[in-house]
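Both ligands and their constituent atoms are indexed starting at 1 by order of listing.
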Amino acid sequence: MTAPATIELRDIRFSYPGGADMVFDLKIRAGEKVAVMGPSGSGKSTLLNLIAGFERPQEGSILIDGQDVTTLPPDKRPVSMVFQENNLFSHLSVRQNVGLGRSPSLRLNDCDRQAVESALMRTGLGDKADRLPAALSGGERQRVALARVLVRNRAVLLLDEPLASLGPALREEMLALIADLHLEGKMTIVMATHAPEDAGRLTDRLVHVAEGRIAGIGATKDYLGGQAPEGFRDYLGKNRA
Ligand code: ADP
Ligand code: MG
């Protein structure tokens with residue numbers, strides 16, 4: 001495994017065409033697990049997409065492991081990203097979907113193939129490797145996405161509401177798996193989520209995003225334990241109501 005990396009957003013300004021200005025300034029430590037929480041449309045996905053390179057800021061710079069990656073395309077950044085759904089290619093088997101993490105053209109050497117098999121075992125998918133994604137449950141599909149993260153072996157893992165479509169038991173199982181991957185790989189993890197329980201279970205620090213900016217940052221246990229600024233408590237209250 002590679003070592004975990006710091007992530008730094010320096011004076012980032014970004015807007016979609018015709019959209020409001022978003023502003024992000026944030027430092028994440030190597031190996032940290034950070035939750036990004038805030039209302040729908042507040043900019044959580046945009047923040048992750050900027051780190052991953054799916055969006056480019058109009059101003060400012062993004063550093064990963066101290067390297068300026070602002071102009072690098074997503075595949076050149078040391079980042080893996082898992083979305084809420086549609087992480088897989090429907091015409092490829094589970095094994096092939098995982099293999100893509102090693103080679104986009106699926107030209108795998110023995111070492112790659114070994115890594116794929118081991119990731120399939122690790123995520124409990126050994127007996128489903130030849131299935132197509134349509135023949136899996138939602139939870140299994142997310143495990144395939146995590147198996148691919150494992151074989152990619154990147155220093156940063158971005159999770160955009162990865163558990164939002166799963167029931168409580170599966171969420172618990174997936175959170176445990178993500179925590180395990182973190183222990184093994186010591187990746188830096190940034191997870192956008194609406195669920196305080198998920199943030200509390202996995203993360204050390206919580207970033208509150210509101211209206212395209214960072215409204216507050218604190219220890220997850222303080223933020224969820226009632227010691228957050230009023231704005232965040234309002235958000236939680238509304239979310240729970
Ligand atoms: P969140 O993930 O917190 O729900 P997003 O980052 O997806 O929020 O969206 C932030 C804002 O940017 C919203 O106002 C949303 O409508 C807008 N937005 C998101 N994606 C696009 C896009 N591809 N084009 C234009 N506007 C977008
Ligand atoms: Mg989003």
Side-chain angles (χ1 to χ4, degrees), residues 7-28 33-62 64 69-75 77 79-88 138 141-142 145-146 149 156-166 170-171 174-175 178 188-203 205-218 220 223-224 228-241:
I7 304 169
E8 201 175 332
L9 287 86
R10 284 191 190 156
D11 301 318
I12 293 294
R13 273 182 187 277
F14 175 81
S15 59
Y16 292 103
D21 241 11
M22 300 194 218
V23 182
F24 297 115
D25 201 70
L26 176 66
K27 267 188 187 176
I28 295 173
K33 289 172 287 183
V34 174
V36 178
M37 294 191 73
S40 285
S42 60
K44 302 182 297 296
S45 295
T46 305
L47 175 62
L48 298 190
N49 287 333
L50 284 162
I51 299 172
F54 297 119
E55 300 292 351
R56 292 262 178 100
Q58 276 96 28
E59 282 177 40
S61 41
I62 296 173
I64 299 179
V69 299
T70 317
T71 59
L72 290 184
D75 60 308
R77 301 188 186 199
V79 170
S80 297
M81 189 150 166
V82 175
F83 303 92
Q84 184 174 337
E85 47 196 18
N86 298 325
N87 289 292
L88 308 182
R141 281 200 284 273
Q142 290 304 69
L146 286 178
V149 166
V156 170
L157 172 58
L158 306 175
L159 301 160
D160 194 356
E161 304 197 36
L163 314 174
S165 60
L166 308 180
L170 272 178
R171 297 172 85 100
M174 290 288 290
L175 279 170
I178 295 167
T188 306
I189 296 183
V190 186
M191 176 173 74
T193 177
H194 270 298
E197 315 81 64
D198 295 355
R201 181 75 210 288
L202 185 72
T203 67
R205 240 176 6 137
L206 192 151
V207 175
H208 175 207
V209 175
E211 295 179 355
R213 52 202 70 216
I214 292 170
I217 304 182
T220 303
Y223 259 63
L224 298 178
E230 197 179 344
F232 187 75
R233 283 187 274 131
D234 284 351
Y235 158 73
L236 272 189
K238 278 183 209 132
N239 222 32
R240 276 176 175 160

TODO: Give a yes-or-no answer on whether the side chains of Y16 and T46 include a donor-acceptor pair shorter than 3.5 Å.
DONE: yes
- [ ] Could you name the protein residues that come within less than 4.0 Å of ligand 1, counting only heavy atoms, and order them by chain and residue number?
- [x] Y16, M22, P39, S40, G41, S42, G43, K44, S45, T46
Open item on the list: Once side-chain contact (heavy atoms from CB on, under 4.5 Å) is applied, do any residues pair with S45, and if so which ones, sequence neighbours excluded?
Closed with: N49, D160
Open item on the list: Tell me how many protein N, O or S atoms are within a distance shorter than 2.8 Å of the Mg ion (ligand 2).
Closed with: 1
- [ ] Can you spot which of D198, I178, V190 makes a side chain to side chain contact (heavy atoms under 4.5 Å, CB included) with L159?
- [x] I178
Side-chain donor-acceptor pairs of residues 18-25 under 3.5 Å, sequence neighbours excluded:
from : atom 1 : to  : atom 2 : distance (Å)
D21  : OD2    : R13 : NH1    : 3.0
D25  : OD1    : D11 : N      : 2.7

Open item on the list: Given 3.5 Å as the limit, does a donor-acceptor pair link the side chain of Y223 with the main chain of I217, or not?
Closed with: yes
Task: Donor-acceptor contact present, side-chain R201 to main-chain L175, <3.5 Å - done: no
- [ ] Compare every heavy atom of T71 with every heavy atom of R77, then report the nearest pair and how far apart it is.
- [x] NH2-N, 4.4 Å
Open item on the list: Do S61 and T70 pair up side chain to side chain, a donor and an acceptor below 3.5 Å, judged on atom types alone?
Closed with: no
Open item on the list: Whether the side chain of Q142 engages the backbone of F83 through a donor-acceptor N/O pair (distance < 3.5 Å, no angle test) should be reported.
Closed with: yes
